[in-house]
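Below: one structure, written as structure tokens.
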Amino acid sequence: MHAGRRVFAIVILSLLTACETVQTTQSGAVGVDRQQYMAVPSQELAQAADKQYAELLAQAKQKNLLNRNAAQVARVRTIANRLIAQTPVFRPDARRWDWEINVLTSDEVNAWCMPGGKIAVYTGLIDKLQITDDELAAVLGHEISHALREHARERVSEKAAAGSLISIGSALFGLGSLGQQGIEYAYMGVIGLPNSRLHETEADRMGVELAARAGYDPRAAQSLWQKMAKASSNETPTFLSTHPSREDRQKDLAAVAQRVMPLYQQASR
Ligand SMILES: [Zn+2]
């Protein structure tokens with residue numbers, strides 16, 4: 001057997017032995033309790049993400065695109081840290097994650113949270129949407145929830161089960177994506193692919209609860225998505241291409257916001 005193929009076979013074998021049905025998070029007030037099928041270890045994904053994140057930051061720094069506006073960085077970190085402080089409601093181990101929050105200068109309307117808690121917010125999101133603190137909390141709550149639920153790991157697991165996984169690295173980052181110019185190169189195969197409708201619903205609901213518990217108006221998720229839709233009349237925000245809108249989103253967000261209003265009122269007292 002060719003050495004490369006042997007490694008491939010070993011990777012697949014070790015992946016398959018790791019198959020398990022898990023519940024990554026506790027259901028919270030919004031009741032997200034779907035069981036998930038995982039075929040890759042959580043840690044491998046987080047390690048690969050950490051590496052990619054470090055490379056991205058180094059490149060952004062070199063181009064002077066990293067954390068250029070101190071007040072803006074402080075604003076984003078304050079909001080993100082208040083949300084992160086609430087994550088143990090869904091999963092207690094998240095308090096030990098090595099969270100990082102950075103702001104990248106880019107026209108893109110985008111933000112993401114990698115597996116393991118590495119967060120990036122693009123200045124295009126802040127400036128083009130003239131985003132309020134409550135809306136920023138809605139975006140970050142949504143992104144953090146994707147990471148808490150390990151949706152990326154679930155998607156890599158689907159690839160592994162389908163036999164189309166070459167390596168976790170290539171699945172996570174996307175083959176060939178490193179050749180692209182600019183900080184957009186961080187479009188990883190996993191984060192750069194559209195989330196499923198199911199994953200979107202879960203991230204929406206959990207994100208709204210995180211925001212409410214952190215003292216941010218849970219109704220802001222609705223105005224956020226309205227702004228996103230409006231922004232897409234000129235060009236489709238990158239965020240929308242990876243977080244597809246769904247017809248019943250506004251209705252669902254309104255219902256969930258209603259449910260967590262008491263948590264918001266408690267937190268803002
Ligand atoms: Zn999403």
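Along the sequence shown, residues are numbered consecutively beginning with 1. For ligands, and for the atoms within them, numbers begin at 1 and follow the listed sequence.
- Backbone or side-chain N, O or S atoms of D204 do not reach the Zn ion (ligand 1) at under 2.8 Å.
- Considering just the N/O/S atoms of H243, the one nearest the Zn ion (ligand 1) carries the name ND1.
- Among the atoms of H151, none of the N, O or S atoms falls under 2.8 Å from the Zn ion (ligand 1).
- The atom name of the N/O/S atom in E200 closest to the Zn ion (ligand 1) is OE2.
- Taking the charged nitrogens against the carboxylate oxygens, E55 and K51 do have a contact shorter than 4.0 Å, which makes a salt bridge.
- Take N64 and apply the side chain to side chain donor-acceptor pair (under 3.5 Å) test, not counting sequence neighbours, and it matches no residue.
- For R249 and E200, the salt-bridge test passes: some basic side-chain N is under 4.0 Å from an acidic carboxylate O.
- Listed by chain and residue number, nothing satisfies the side chain to side chain donor-acceptor pair (under 3.5 Å) test with Q86 (two or more places apart in sequence, or in another chain).
- The Zn ion (ligand 1) has no N, O or S atom of H199 closer than 2.8 Å.
- Residue Q35 qualifies as enclosed at atom CD: its count of foreign heavy atoms under 6.0 Å is above 12.
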